[in-house]
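Labels below follow one simple rule: chain letters A, B, ... track the order of the sequence lines, proteins then strands, and each chain is numbered from 1. The figures here come from the full heavy-atom set of this structure, side chains too, leaving out hydrogens, waters and symmetry mates.
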Number of protein chains: 2
Amino acid sequence: METLRERKKQRTREALLRAALELFTTRGYERTTIDDVADAVGVSQRTFFRYFAGKEEAAFAVQDLVEERFVAAVRARPAGETPLEALRHALTEGWDRLSEDVEDVVPVELYLRMYRLIESTPVLLAAHLRRSADTEDRIARVLAEREGLDVDADPRPRIAVAAFGGVMRVTERQWSLGEDFSLAAIRALTTAYLDQVGPALTGNWRAL
Amino acid sequence: METLRERKKQRTREALLRAALELFTTRGYERTTIDDVADAVGVSQRTFFRYFAGKEEAAFAVQDLVEERFVAAVRARPAGETPLEALRHALTEGWDRLSEDVEDVVPVELYLRMYRLIESTPVLLAAHLRRSADTEDRIARVLAEREGLDVDADPRPRIAVAAFGGVMRVTERQWSLGEDFSLAAIRALTTAYLDQVGPALTGNWRAL
DNA sequence: TTGTCAATTGTCAGCGGCTGTCACTAGCCT
DNA sequence: AGGCTAGTGACAGCCGCTGACAATTGACAA
């Protein structure tokens, strides 16, 4: 049983987040003022900053949730899988559950629009890449633990995750530049690109 | 023969860059004000912004130069090398020439200090990662051209570069966290980590 | 050398992100 | 009902950054 106060706070935060993403994706990130967001909700600018550390944090609120799920999914993979199998399966499984997880917070369609905006807004892309780096670090730790290794002594977990992450970046980018902005599209790209890692790294591309 | 005006401009820009990097690396990036930099050189804040598009651009001025050289080095690699050989050789060759290239602008030691600051300052790391993404895109185009492929049709150039770039990121990170901040140290790390890509991606780490 | 023109700079005003402060309001709890 | 405190709004102010305009300084020709 939650108190009225808490429910009110929850609603304010949700309203701010929704208004922010809606304005960002329609008007553009830079062209949206915190005052715009606050006004849309009927709250002072100062209040926005009591719920979000900054403009950026609002933009990534949903993305944070998704990445959290991904880390958990990797951790939950059966020990029998090799590190790369675990990553790959956690990823595809993630796409399948994404709708349900996200829909509690905002419409999935809004999330996907925001995702594309991140990709096309330099300052947001920069923030995204840094956050991804943090996530990759956490995943490297998970993999190391699965394999009983010390992340700081053995570079292989980080290297594997970094290579994997690099491929994911290319996937995101291609997806955001394409025409099909569905979950199915990004899932298809993911598997296709992961299948290309071997060929891309070994040898001579002209041979094929 | 360059005009006095041009020489003056050149000196102002150089002074601003030096003052900025010096202040950034001693006082910290966020704790350094543009006014601090401008005052240190004896010009107005407005003038700083006439030489640099923003605080960030000053922080990355030298790094830009280094990455430019790297792209050129990849382009100059003999056609016989496989894509990954070309990347690797361009990289190690880059470390060798770095001192000479950088020293024209600022002391190498200052550049290395700045490089570490970038790693440890979130907002700078974010900017660095985004710039790296741009550079990787350009390199993917170079590789595709070398192999006679269409970057937008064949994902392998981008995937290979992304994986390679991921490993470089891990290298940079480890170097900046270590104790030996010499060029020799980062060169050694680079080759060691690149040798680990194969083992890290194939199979089972416990077997070794 | 001097006067004219153009490039460079300083000053000022202002916007937007963000923070500290403080008084006020509204929910909580006895 | 009344005291307590979490949450809010209003205000002031810092910093990054930009536009506008006037003042200055070098370039170049007469």
Side-chain angles (χ1 to χ4, degrees), chain A residues 1-17 19-21 23-24 26-61 117-118 121-128 130-131, chain B residues 1-17 19-21 23-24 26-61 117-118 121-128 130-131:
Chain A
M1 198 60 202
E2 47 182 14
T3 164
L4 167 62
R5 222 180 226 167
E6 282 164 341
R7 252 177 296 145
K8 241 182 158 179
K9 268 177 70 176
Q10 197 61 33
R11 269 195 294 121
T12 305
R13 194 195 135 87
E14 193 181 319
L16 281 170
L17 182 56
L21 297 192
L23 286 170
F24 290 167
T26 54
R27 198 180 300 180
Y29 180 71
E30 324 246 42
R31 276 195 301 268
T32 303
T33 295
I34 303 293
D35 282 320
D36 293 339
V37 178
D39 289 352
V41 178
V43 150
S44 75
Q45 189 217 50
R46 196 65 185 83
T47 293
F48 174 92
F49 286 108
R50 291 199 173 99
Y51 284 93
F52 300 96
K55 202 176 173 180
E56 204 182 282
E57 193 177 295
F60 286 98
L117 182 67
I118 290 172
T121 307
V123 55
L124 286 182
L125 180 56
H128 175 55
R130 194 187 55 74
R131 284 161 182 266
Chain B
M1 196 63 199
E2 47 181 12
T3 166
L4 167 63
R5 221 176 227 170
E6 282 164 340
R7 252 176 297 147
K8 239 181 159 180
K9 268 178 68 177
Q10 198 60 32
R11 268 194 293 121
T12 306
R13 193 195 136 89
E14 192 180 319
L16 281 170
L17 181 56
L21 298 193
L23 286 170
F24 290 167
T26 53
R27 197 180 300 179
Y29 180 72
E30 324 248 39
R31 275 196 301 268
T32 303
T33 296
I34 302 293
D35 282 320
D36 293 338
V37 178
D39 289 352
V41 178
V43 296
S44 74
Q45 189 217 50
R46 196 66 184 80
T47 293
F48 174 92
F49 286 108
R50 291 200 173 98
Y51 284 92
F52 300 96
K55 202 177 175 181
E56 204 183 282
E57 193 178 295
F60 286 98
L117 182 66
I118 290 172
T121 307
V123 55
L124 286 182
L125 180 56
H128 175 55
R130 192 186 56 76
R131 284 161 181 268

*Please give, in whole Å, the distance from C:dT8 P to B:Arg11 CZ?*
14 Å

*Rounded to the nearest angstrom, tell me the gap between atom CG in B:Leu16 and atom P in D:dC17.*
14 Å

*Which residues pass the side chain to side chain donor-acceptor pair (under 3.5 Å) test with B:Arg13, sequence neighbours left out?*
none

*Could you check how far NZ of A:Lys55 sits from P of D:dC15, rounded to whole Å?*
21 Å

*B:Glu6 vs B:Thr32, nearer the 5' end of DNA chain D by closest nucleotide*: B:Thr32

*asked:* Which heavy atom of B:Ala40 sits nearest to which heavy atom of B:Leu23, and what is that distance?
replied: CB-CD1, 4.4 Å

*Measure the distance from CZ on B:Arg13 to P on C:dT9 and round it to the nearest whole Å.*
13 Å

*Nearest-Å distance, CZ (A:Arg31) to P (D:dT18)?*
16 Å

*Residues in side chain to side chain donor-acceptor pair (under 3.5 Å) contact with A:Thr47, at least two apart in sequence or another chain*: A:Ser44

*Going by heavy atoms closer than 4.0 Å, what residues in residues 34-49 of chain A are next to DNA chain C?*
A:Ile34, A:Gln45, A:Arg46, A:Phe49

Please tabulate, one pair per line, each protein N/O and nucleotide N/O from nucleotides 3-7 of chain D that are separated by under 3.5 Å, including the distance.
from: D:dT5; atom 1: O2; to: A:Arg5; atom 2: NH2; distance (Å): 3.3
from: D:dA6; atom 1: O4'; to: A:Arg5; atom 2: NH1; distance (Å): 3.3
from: D:dG7; atom 1: OP1; to: A:Lys9; atom 2: NZ; distance (Å): 2.7

*Shortest non-hydrogen contact from A:Leu17 to A:Ala61?*
CD1-CB, 3.7 Å

*Would you say a side-chain N or O of A:Lys8 is under 4.0 Å from OP1 or OP2 of C:dG27?*
yes

_side chain to side chain donor-acceptor pair (under 3.5 Å) partners for A:Glu14, two or more places apart_ = A:Arg18

*Between C:dG17 atom C1' and A:Leu23 atom CG, what is the distance in whole Å?*
16 Å

*Which pairs with one or both residues in residues 27-41 of chain B pass salt bridge (Lys or Arg N to Asp or Glu O under 4.0 Å), sequence neighbours excluded?*
B:Arg27-B:Asp36

*Rounded to the nearest angstrom, tell me the gap between atom CD in B:Glu56 and atom P in D:dC17.*
8 Å

*asked:* Going by the rule side chain to side chain contact (heavy atoms under 4.5 Å, CB included), which residues pair with A:Ala59 if we only count those two or more places apart in sequence or in a different chain?
replied: A:Phe24, A:Tyr29, A:Met114, A:Leu124

*Quick one: list whatever passes side chain to side chain contact (heavy atoms under 4.5 Å, CB included) with B:Arg131, sequence neighbours left out.*
B:Glu56, B:Phe60, B:Asp64

*Please state how far atom CD in B:Glu57 lies from atom P in D:dC17, giving the value in whole angstrom units.*
10 Å

*Return the set of residues passing ring-ring contact (aromatic ring centres under 6.0 Å, His included) with A:Tyr51 (not counting sequence neighbours), or none when no residue passes.*
none

